[in-house]
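The structure appears below as structure tokens.
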Amino acid sequence: MNNVANHTSIWLAKRLFDLCGALAGLLVLMPMIPFIAIAIKVTSPGPIFYKQLRVGKSTPEKMVFFEIIKFRTMYQDAEQRTGAVWATENDPRITPVGRFLRKTRLDEIPQLINVVLGDMSLIGPRPERPSFYSKLENAIPYFADRTYGVMPGITGLAQVNQGYDTCIDDVRRKVGYDHSYALSLCSMKSWLTMDMSIISKTIIVMFDGRGR
């Protein structure tokens with residue numbers, strides 16, 4: 001009973017932290033949004049925002065889907081010929097403005113809306129695309145387990161330690177980080193310590209321009 005109560009209190013605290021953090025983030029970053037929107041619009045045709053179906057918090061019995069919101073970083077209809085593929089170094093599908101947004105992770109700002117809506121957390125495993133999911137689940141042991149009962153996040157332990165995925169081997173290494181993060185949710189102290197560490201490293205990654 002104590003374990004159940006402890007688990008519930010952690011998730012309530014995490015949700016409160018997400019709401020406060022997302023709303024504060026939107027308030028602080030709001031002045032930047034018009035400039036980003038103008039830069040996207042004047043440098044390439046297409047919408048300012050980009051929505052994409054992702055796999056959310058799931059259980060062994062049920063897979064939850066939601067639409068992730070990002071600033072558009074690719075040319076319009078960039079994946080019509082290639083299909084769903086991972087980003088590569090100097091990816092020709094990415095616009096010049098999009099490259100800057102990815103390197104600084106500013107393309108992720110609209111996902112704060114996903115956090116407010118309850119689709120995502122500020123911190124957690126990255127939500128995967130359904131088109132990749134079956135392939136990854138068959139190729140990587142315990143891949144699906146990484147989001148069982150854990151809300152996907154804008155940033156996370158895997159992202160700050162490794163970065164964007166470019167192949168299955170990258171995802172395979174990330175799975176270990178995702179499971180390590182899930183283990184940190186066993187107590188309030190370990191969760192807070194882990195989340196504060198990830199937030200600090202995320203800020204460093206943004207200023208280092210290590211995104212892709």
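Heads up: numbering here begins at 1 and tracks the sequence.
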Sequence neighbours left out, what passes side chain to side chain donor-acceptor pair (under 3.5 Å) with R15? Give chain and number order.
none

Ion pair R126/E108, N-O distance below 4.0 Å:
yes

Reported CG-to-CG distance for the pair D178 and L183, which is rounded to 0.5 angstrom:
11.0 Å

Non-hydrogen side-chain atoms of Y50 and P110 separated by less than 4.5 Å
no

Measure the spacing between CG of L106 and OG1 of T104 and express it to the nearest 0.5 Å.
3.0 Å

Do the non-hydrogen side-chain atoms of Q111 and M120 ever get within less than 4.5 Å of each other?
yes

What salt bridge (charged side-chain N to carboxylate O under 4.0 Å, His left out) pairs are there with at least one residue in residues 17-34, not counting sequence neighbours?
none

Are R99 and T73 side-chain neighbours, meaning at least one heavy-atom pair lies under 4.5 Å?
no

Candidate pair M63 and V55, rule side-chain contact (heavy atoms from CB on, under 4.5 Å), full reasoning
CA-CA 7 Å; M63 186 176 288; V55 177; 3.7 Å; yes

By side-chain contact (heavy atoms from CB on, under 4.5 Å) - contacts of L29 (at least two apart)
M32, I109, L112

With side-chain contact (heavy atoms from CB on, under 4.5 Å) as the test, would you mind laying out the steps for K201 and N161 before giving the verdict?
CA-CA 8 Å; K201 290 179 180 179; N161 282 286; 4.2 Å; yes

Measure the spacing between CZ of F100 and CG of D107 and express it to the nearest 0.5 Å.
11.0 Å

If you look only at pairs with a residue in residues 32-45, which of them pass as a side chain to side chain donor-acceptor pair (under 3.5 Å), with sequence neighbours excluded?
S44-R72

Please give me the minimum heavy-atom distance between S180 and L157, naming the atom from each residue.
CB-CD2, 3.9 Å

Could you verify whether a donor N or O on one side chain and an acceptor N or O on the other, from S187 and S190, lie under 3.5 Å apart?
yes

Polar side-chain atom of N114 near backbone of I69 as donor-acceptor pair, under 3.5 Å:
yes

In chain order, what residues pass the side chain to side chain donor-acceptor pair (under 3.5 Å) check against T95, with sequence neighbours excluded?
none

In Å, rounded to the nearest 0.5 Å, how long is the span from CD of Q52 to CZ of R129?
4.0 Å

V115-L16 co-clustered via ILVMFWY side chain contacts under 4.5 Å:
no

At what distance, to the nearest 0.5 angstrom, does NZ of K51 lie from CD of E67?
5.5 Å

Taking all non-hydrogen atoms of both residues into account, name the closest pair between I198 and V160 and its distance.
O-CG1, 3.9 Å

Cluster link I38 to I36, ILVMFWY, side chain under 4.5 Å:
no

Linked, directly or transitively: I68 and V64 (ILVMFWY side chains, under 4.5 Å):
no

If you measure from CD1 on I204 to CD1 on I199, what distance do you get to the nearest 0.5 Å?
12.5 Å

Shared hydrophobic cluster for M151 and V116 (ILVMFWY, side-chain gaps under 4.5 Å):
no

Quick one: do L136 and V175 end up in the same hydrophobic cluster if we chain Ile, Leu, Val, Met, Phe, Trp and Tyr together by side-chain heavy atoms under 4.5 Å apart?
yes

So do the side chains of I140 and V171 get within less than 4.5 Å of each other, counting heavy atoms only?
yes

Given F71 and F49, is the ring-ring contact (aromatic ring centres under 6.0 Å, His included) satisfied, shown in steps?
CA-CA 5 Å; F71 281 123; F49 298 102; 5.3 Å; yes

Should I10 and M188 be marked as a side-chain contact (heavy atoms from CB on, under 4.5 Å) after you check the CA-CA gap, both sets of side-chain angles, and the distance that decides it?
CA-CA 6 Å; I10 291 170; M188 194 72 73; 4.2 Å; yes

Do K57 and V150 have side chains that approach each other closer than 4.5 Å (heavy atoms only, starting at C-beta)?
no

For the backbone of P127 and the side chain of R54, can you confirm whether one donor and one acceptor N or O come within less than 3.5 Å of each other?
yes

Would you mind reporting whether R102 and I94 have side-chain heavy atoms less than 4.5 Å apart?
yes

Is there a donor-acceptor contact under 3.5 Å from the side chain of T193 to the main chain of K189?
yes

Please list, chain by chain and in numerical order, all residues satisfying side-chain contact (heavy atoms from CB on, under 4.5 Å) with D195, sequence neighbours excluded.
K14, F17, I123, Y181, W191

Any heavy-atom pair between the side chains of E128 and F143 that's under 4.5 Å?
yes

